[in-house]
Every structure is written in structure tokens, then in C-alpha cells.
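Predicted, not measured: the structure shown is a model, and the values here were computed from it. In what follows, chains are A, B, ... by sequence order, proteins preceding strands, each numbered from 1. What's counted below: heavy atoms across the whole structure, side chains too, no hydrogens, waters or symmetry copies.
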Amino acid sequence: MKSGLEGLRIGSVVATSIWRLVKANPAVWAIIALVAIFSALVPDKFLSTGNLVAILKNFAVTSMLAVGPTFVILLGSIDVSYMGIWMFGGALVWLLYPYLGLASIMIYPIFGLLVGLFNGVIHVKAKVPSFILTIAVTAVFAFLTTYVRNVSGVLTLTVPAYNFLRESPIPYIPSPFLLALPVIVLALFIMFFTKLGTYFCAIGSNEEGAKLAGINVEKYKILAFTLSGLLTGLGSIAIFVHLGCQTRVDFDPSELVRGLAAIVLGGTPLAGGMGGPHRTLLGALVYVLIFNGLFLLPGVDPNHLKLYVGTLLLGAVVAASRALKGALIA
Amino acid sequence: MNASDPIIEVRNVSKTFDRVVRALDNVSIMVRRNEIVSVVGENGAGKSTLMKILVGVYQPDSGEMYHMGRRVPFPKDPLDALSRGISIVYQERGVIPHLKVYQFLFLGLEEKFTRLGRLQLGKIIGLAKSVFEELGLKCDLASSMYELPLSTQKMVEIARAILSVRLVVGMDGGSEITPVIILDEPTAPLSLEERDELFNYLLNLKKSNSFIFVSHIIPEVMKFSDRIYVLRDGKVVAHHDLSSEKITEDQIFREIVGRESYYDLWARYVYGVGAVEGRRIVLSVQNLTKKGYFENISFDLHEGECIGLFGPAGCGKSEIAKALYGEIAADTGKILVDGKEVKLKSEPYARVKLGIGYFSGETGKELFLFWPIRKNVSIVNFEKVTKKPLKIISVISFNAERLLADKIMKKLKIRAPSVETECYSLSGGNKQKVSVGKWLEKSPKILILEDPTIGIDVGAREEIYEVLLEMKKNGIAMVLVSDDPKEYAILCDKVISIRSGVIGAVYTNEEFRRLMEL
Amino acid sequence: MAQAWFSREWLQRNINTIIPAMGFIALVIALRMANPYFLTSWDSVITLVYGMSWFLIAACGLTLVILMGSFDFSVPSVLKLSAMIFAVLYPSIGFSSIIVAIMVGLLFGFINGILLARFNIPSFMATLATSMVAEGLAQVISGGYTRMITDPAFRAISTTMILGLPSIFYWAIAIWAICVFLTFMTPFGRMVYAVGSNIVGARLAGINVRMVRTLVFMICSLLASIAGILYASQIQGAHMQVGVLDMIPLFASVVVGGTALTGGVGGVHRTLLGVLIIRWLDSGLSMLAIDLNVRMIIFGAIAITMAILTIDRRRIRIMK
């Protein structure tokens, strides 16, 4: 009798905590709904082992593009330099491999850190709107990558020596996902177990108030950009491996939108102050599920990806716009 | 050390800004252990300058500071002030809405709770719980700040101030130091019940802390202070010990305001007060309600009449004014302009079309500071400076603009090199004149005035009043919201007192002046 | 005034004019030195005019949006979509396809405006989304192929020679002049500046901020459409390559002209100079056989440098 009651109590505690999670993160509903819909429509394709592995892989890629910039969005600024870090970082790895050997993969986080630092300093000290700044940075590095490809006369910037990274030690768990895992853990740790997460939220929520509370706002803004760059640099290794140890050489705006869409879908408002990497992870899963499922449906043309991505982003920002009410936005 | 010895004392503090404006003039105040000291005065009397010196934001030009009887230098920065036990709760913008209560409580103080880069959340929450228990604060530590009622938010801010002193001074060792918490207009956004709640909380905290209470709301100051300093024009003009003196609210009020001759101005322009019956009703407000701000507000405004909405800060008067202009939307009720109903949700542009104008003293908000005077005048007067060569196209004539601005400049005696002078380079009073000048030219049916003379000197103030009185004489109806009773005495034919969002008494100008002893 | 005209303050106030003007002079000298045949033949002038005209039309629209303190990413995509609609529908419905293309452009502008004005979505985000949609639609209706139109009537809209210059030049100059007139001489233009300078003040002064914002976005997309149609006519068809890449030089020419990103400072008149600089630089650099990607990097660097220099820091409190 007693153990039954105890079981009931534990059950109710578990139920409430799940309910709290769902209530705080509407993206969970979306994930449940998407899984249910696609399992009902195309069960054999959607639930196949191969597809589930593909979902994990794509989740790793999408979340690696979005987790870093989430910290900047918490500030209410925006950072889209991830495309540039990812693309040109890969080009650097390719360029330096002959000199550094296997260690050249470490160029990725270093490069990301430096780009993030640059973004932060220019944004804070020269007061350039972060969106324009970081998209220019992305564009510059993307074009540089294409240029490197063009002048070196190769088709792709591949470093086959890293192929061993593509083998996963755990069956069914793809290696990009394993490579992404430490980055995810690091991001969550910073958000919840250091003061940085609180400070970023504070600045995004009320910058003047944060200043009054004695926070060095400029320093922490620069830190957020640097952190974003560093995490993107680390995460880019997973994407690098996912693409077959090579980097992208042509700029595709739908990849750029991918990161932003994951953040917005996860429920971190562009105005800043709330949300965080945990929501972005959920958002990335939503994004991946939508496109994975969509292209399994009959009659959906993968060539029209841009149209779908654009429509999805449009829908996501409109849905997220409730959080922005009242403020006059540029 | 005796209980009656001051813990913080400043003597003969003076501070001058820009070598001209004398913000503080030989001010001396002190705070004893476990007391609430109030500093009262009008806007611009020097209250906030004094407080900013106490917390190290400004450095005074001269003066001495004593801490527990020892002479010390003035604090260099807020952290320095904290180490002497002085902390401040700002009037607004101090709360960070999206943080959890415990996060906000320890914001900026995390160093002591970090081990190997990892926050010790358990320790933080434990301490937060014990502090809340000690201070008698009841709220969920895990809820976000914006979810709390405004009064609780203030209490958490106060708790944060006390906690920051304790953490900086050292909680156990320096028990000699009593925290001195400065509260800058803490009640401004609160409702009356919330204020009582806050004051009970403060009385409870008085056992272990001292407070400097900055306010211009006299009744609450009288009710809760042990001593009162009255500041006027940068000087301490009175000091009362309420435990030994009997003093009335009116007396304090007169000390705050001082006696200046405003009657002349009023007498020169006054006309037909009280004789509005025959005149047309231009604005009729019926049962206007916005939940949480004001309720069932009804009044009629006649042509050439000025109605003042009078009440303590936070009573809902400025929200009513904003709702009349469409800056915020009322929930229910009716606004009729010339008998035509106005949609409650309509934006300011729709109200301007109907003939409502809005003028506030916050020039940074209303003026285009980097535009020349000419453009700032014509922004609401396009129909006067445009020609229509074709039916659908209107073209601005720069010449007409210049003439118009020139006319306004001459009429209002705006001191500026030319109509092309950018507004940011003007003085506060002249900015205000440009701002009011555009409405003078527009001459709407109704003008909403919100703190029309805030932060400008007496001379410029009188000039603004003259313009407004002239507009009134020309038949423009006005609604005034302000913090200064003299302003109501000069401008208003009728004063409606607002108490926590509802209409209280209605006074004529004469009754109002008698009430205020002006 | 008694104050010396050449002071730090004077420099700060006029930096938006000084830099583009000096840049322009330096550019002309440099191009002349790099290529002795630069601008020596009438043909080279006409080539430059072709390169600049459609670009100027699109840049005018973008300038209006930036003046208002917003941003429009969808300009090149709407341009591409309109060109594509024009080219795809021309064989079947003739010049009526211009109307369809313009209507689609206006629709995109309207959506952009509504997303900002009604839903309060930051304009760069909203327009990034709509630009993806426009790109996608262009892909869908063209099937991803280049559409060539050989009909001489199709070409005539932009290439008819009048007084030795192609008609597209007159289109561009006329549209530019109309935009300058609109911003300087009409209440509407004043309102655009007002919204860009102080949006709260604009609202309090009785300006219909939502309508102004929506209209400016519609004008911007309309001009992008017109630019697309004329461009399609000029190159005898439409292809998928234009678009994304062109955002950088477009943006660069607006800020190089001296229009500040923060809004309220600069103007469409300046954009003419900006377009001249950027397009001449572009053609100069391609004469030197410099890779397209490197050119883009140069434009991006110029754009950011100019953006940093022209932002009016007096008026910013918090920069996001």
C-alpha cells in the first residue's frame, strides 16, 4: 500500500517535471507532432534505421550551426558569421594540412575564436549593427573560400587524412553526432552552470539595468561573440566530417537560414533576454524533422528547397513575433 | 559608538555642472543607525545629484564625508560605496525582467559562489532562501522577475541592495557596518496598496538597516520617515525630526515649493474661469477604463478650457493622457471629439487628424534633435508649407517653411542663430519652445500636456506658460498632467483629482489654489 | 560663424560627403592610370551606363529603406524573380507580363512592410525570409534554367538609343530624380526621414508610422521589379545567377554614397555617387582580371568600413 502511494508520488513528480518542460518549451509539442505525423504518413520510410541515423546526422549539423550564435541572440544582437567560420575555417584546414598534419583541425576553433573576437570588438567599440557586420564577415569569408578553391585548381577542398573520424565507434550513432556532443555539453554548461548565461540574459533583457547592477556590459558582449565563434569553430569539425572531410566552397543562403531558423523555431526570441542553447537544440530537431519528413513525402521536389526553407523561416518568425510586441523595431 | 551617532554623514557638499549650474550648494545630511531619512524636493532640486555623490557616480566639488565618525574620502565608484555599506535602488530600469529571482538577487555578485568556473547553484539558492526568510519576503525563487507584482519586484531589489552590501563588506566580520540603502522614488510605479505593502516591509527591515528615502510624495514621506530633509534649488532649506516636532503636510509642501510670484502671470491671462457652460464641448470622455491603470474616467472638456488631472505620481493620470492621445490604448469606454467617437485602439496620427495634439516636456522623445528648427516646426504643419501643383502631389516649399519657423522663433523668442540651427545645440528651454511652437502653429482643437515644463529654468517656464495661455485664449482646449501644483494653478480652469486610477474630487481653480495654499 | 570652417566638428558633420567625393576622384585617377583607354571611347561609356542603370534603380529603393532605419535583403531576389516572371511569361502574354512582374514585386514589398509594421519582426530577418521565398519561386517558375528571349521588341525597352545613350539610362535617371524629389520635396519624404531619425517622435507627431513603413517597402520592391524587368530586357532574358551576390555591391553603393545604416542621415541623391563609384570600381577591377570573389570581398570591406564611418553615434544609446 505504502509503496503504491510512493510510486504514485514519484509518478506525479515525473509527470509535473515533464509538463514543466513542455510548457516552457513549445518546441517539444512540435517535435511530438512531427514525429506522429510522419510516422503515420510514411511509417516504413520515416522510421527506418537509415532515416533515423540521417536525422541524427542532420541534427548534429544544424545544431552546430545554431548553438554558438544563440548566446549572441540572448544579448538581443545577432551573429550570422557561422557560415564564414565554417567555410573558410575548412579552407584554412585544407591549406595548412601539409604543414601541420593532423593538428591542423585545431585551426577551426582558433579561427572561430578570432573571428568571434573580431565581431565582438567591432560591434561593441565601433557600434556597427551586429547583423550587417556579421553577414559581411560571412560573405567575405565565403568568397575567400571560393577564391581559394578557384586559384588552387581543385574541385573540392577535401582532406582525406581525416577520414578515420568518419568511423563511429558506436553502431547506429553517426560520428558527426558524437563530435557534436561535447560542444552541446559545453554550451549547456556555460548557459546553466556559469554566470555567463545569466549575464547574457540580463544584458538582453535590460541592458541599462545590467549596467546598473555593476556588470561590465561591453566586456560580456565581446565575450558572447567570442564564445559564439569558438563554439561554431568547434562545431564546424562535426560538419566538416559529416560532409566527407571537406568544406563547402559555394555560398548557399539556405544554409545561412538553417541556423537562424533553428534558433527561432526553438523559441529564443530575437529580442533577446530569454531562451538559450537548450531551446536551440529542440529547434534544430524540429527543423531537421520537418525537412527530413517533407522530402520523404511523395511529390515534394528537393529542388524547391529554398522555397520551403524561406516559407518555414517566414512562418517561424511570424509565430515568434508575439514575443516582440510593444517595441518599435528597426 | 552610540546608537544616535551618524553612520554616514556628509558636510557642506557642493557640486556644479558645466561651471554654471549649481546643483548642490553646501548641503549637509546624515543618517543614523536604523532609521528612515527622507530627502524631499521638486524635480531638479538636487536630490538625485546628492544621491549619485553618495554612491560614487559623481564626485563633489567640495565637502567632507564621515563614515562611523571617521573622516573618509568620497566614494570613487559604486563598489567603493558598497564597501562603506551604501547601496542604491534606482527609480526605474533596475529590474531585469527575464531573470529568475535568485539570478537577479545575485547578479554581479557571483564571484563568491564560483568554484573552478562552476556556479554553486545550491549554495546560491540556499542563501537566497535564508535571506528571503530573514527579510520576510515571500515569493517563488524560480519565477521570472516580470511575473512578480511591481511591489515584490521593488522588495527583491531592496533585498539585492542589502545583500550586495553584506557580501562586499563581509557578512560576519563587519557587523559594525549597518547597510544604508538609498531608495530613489521607489513608489513611483506602485498602486496605493502596493505602497503600503512596501512600507511595511521597510519598517520591518529598519531593525537592521538604514534607509535614505528620496521622494516628492509628501504623505508617504510623513508617514514613514524619522527625519526629513527638504531640498530646494540645491540647498537644504529645512530639516525636521518627526519624533520631536509636530509638522503638517502643507508646511512641508510649502517648503518644497517655495514662494514665488506666479499670480501675476495667472492674473494677466485669466479669463472667464468657470463660465464654460455656454461653450461647445470639444472632448467628452466617458467611462474610460484601462485595467490596472485607471477606471471609469469621465469628463467634458469645453472649448478654451483647461482641465488638470491631478494626483500623486503613479495614480494613472499620465496613462489617461496617453490613452487620450493614442500612445497607449484604453480597454473600454468612449472618447468623443466634437461628438464623433474615436476608436480606442487608433494610433496618434488618427487623433491628430481629429484635432488632438500632444506636447510633453521630454524633448528628447518628441523633437528630432538632429533636424533644424525649420523641419521640426513643419513636421505637424505640412498643409501650411506645401503647394499642390497637381491634385495628388504636394510639394514642400522651403521658403514657406523658413518663414513659418521664423515667425515662431520671433513669437516665442527662441534664442538660436537661425531657423537652420539643429535642435540638439539649443538649451532645454529653447528646445521646449520649438516643441510647443509647432503645436501653436498647428492650433489643434485639443492639446494634451504632459509635464510641459519639466527640467527647464523658471524664466523659460514662464514663457512656455504664456504661450499655452495664449493658445487657451484662442479657444484651444487642454488637458494637463504634471507633478507641479503651481502649473495647475496657472493653467487650469478645473482640476480633477485622480486617486489610484479613479476620479476623486473636482475643484475649480480657486478651490484648488486655496487647497494648495498657493 | 566665427568658428574655423575646417575643424574636427566640420569634418565629423561632413564626413558622409567628403569620403565618397574623395573616393570618387581617387578612383577615376586610379582607373585612368591602370587603363589608358578608360572612358576614351563612347562605347566604353555606354557599357558603363548599361552596368549602372538597372543597378541604380534597385539601389534607390534600398536607400529609401535604409533611410527609414530598416533593411531589405530581398531586393536582389525580387529583382531576379521579376526578371524571371517577365521572361517566362513574355512568349505567351507579351508585355502584359510586365504588369504581372510588377504586381508580384509590389506584393513582396507589401509582405515585407506588413511583417515589420504589423508583426514587429526585425526587417532584416523578415526580408531574409521573403528573399528565400522569392529565390525559391524564381527557381520553381524557371525550373532553374536561363530563359533567353530573342524578340527585338523585348530588347527595345532598355536598349533603344536616344541621343546616343540607351533608353535604360533615361529610365534610371528619371526614377532617381523622382526618388530625390520624393524624399526632399514632399511630406512623404520628410516622414521617411522622420521615421528614420526618431521613430517615437514621428509617431507622436501624428505620422502614420505603419503606413510609411509599408509604403517604403513597397516602393523598394517596386523599384527592384522595374530594375529586374529592364535588366532582363537589357540582357535578353533572365538567369538564376543574379541575386544573392548582388546584395553586397548594392549595399556597398548605398553606404558608400553616405547614407548611414542608423537611418535618417543621407539620401537618394547620394546613392548616384555611390553607384558610380562601385560600378566603376567593379568594371575597373574586372578589367584588371580580378576574380569575382575577390571583387566581392573588396566591396564587402568597403561597405563595412563606410558603414562604420557614417554611423551617427550621437543618436545611438544601445546598439543591437
Under 4.5 Å from any heavy atom of chain C, what part of [X] do you find: side chain, backbone, both or neither?
{"X": "A/Val140", "value": "both"}
{"X": "A/Ile135", "value": "side chain"}
{"X": "A/Val151", "value": "neither"}
{"X": "A/Leu305", "value": "neither"}

* To do: Flag the one option from A/Thr311, A/Ile132, A/Asn150 with the top tally of heavy-atom pairs under 4.5 Å to chain C.
  => A/Ile132
Counting only heavy atoms closer than 4.5 Å, note whether [X] contacts chain A via side chain, backbone, both or neither.
{"X": "C/Ala126", "result": "backbone"}
{"X": "C/Thr130", "result": "both"}
{"X": "C/Phe299", "result": "neither"}
{"X": "C/Ile304", "result": "side chain"}

* Asked: Can you tell which of A/Thr280, A/Asp79, A/Thr268 makes a side-chain hydrogen bond (donor to acceptor under 3.5 Å, both in side chains) with A/Thr70?
  -> A/Thr280
* Between C/Thr262 and C/Gly69, is there a donor-acceptor pair closer than 3.5 Å when you use the side chain of the first and the backbone of the second? -> no
* Asked: In terms of ring plane angle, is the pair C/Phe73 and A/Phe131 parallel, tilted or perpendicular, where the classes change at 30° and 60°?
  -> perpendicular
* Asked: Would C/Ser74 and C/Asn112 count as having a side-chain donor-acceptor pair, cut-off 3.5 Å?
  -> yes
* Donor-acceptor side-chain pairing of C/Thr63 and C/Thr271 below 3.5 angstrom -> yes
* Axial cation check for A/Tyr287 ring with A/Arg258, 6.0 Å and 45° limits -> no
* Determine, step by step, whether C/Phe71 and C/Phe124 satisfy the ring-ring contact (aromatic ring centres under 6.0 Å, His included) criterion, reporting the C-alpha distance in whole Å, the side-chain angles of both residues, the deciding distance to 0.1 Å, and the verdict. => CA-CA 5 Å; C/Phe71 200 81; C/Phe124 58 79; 8.2 Å; no
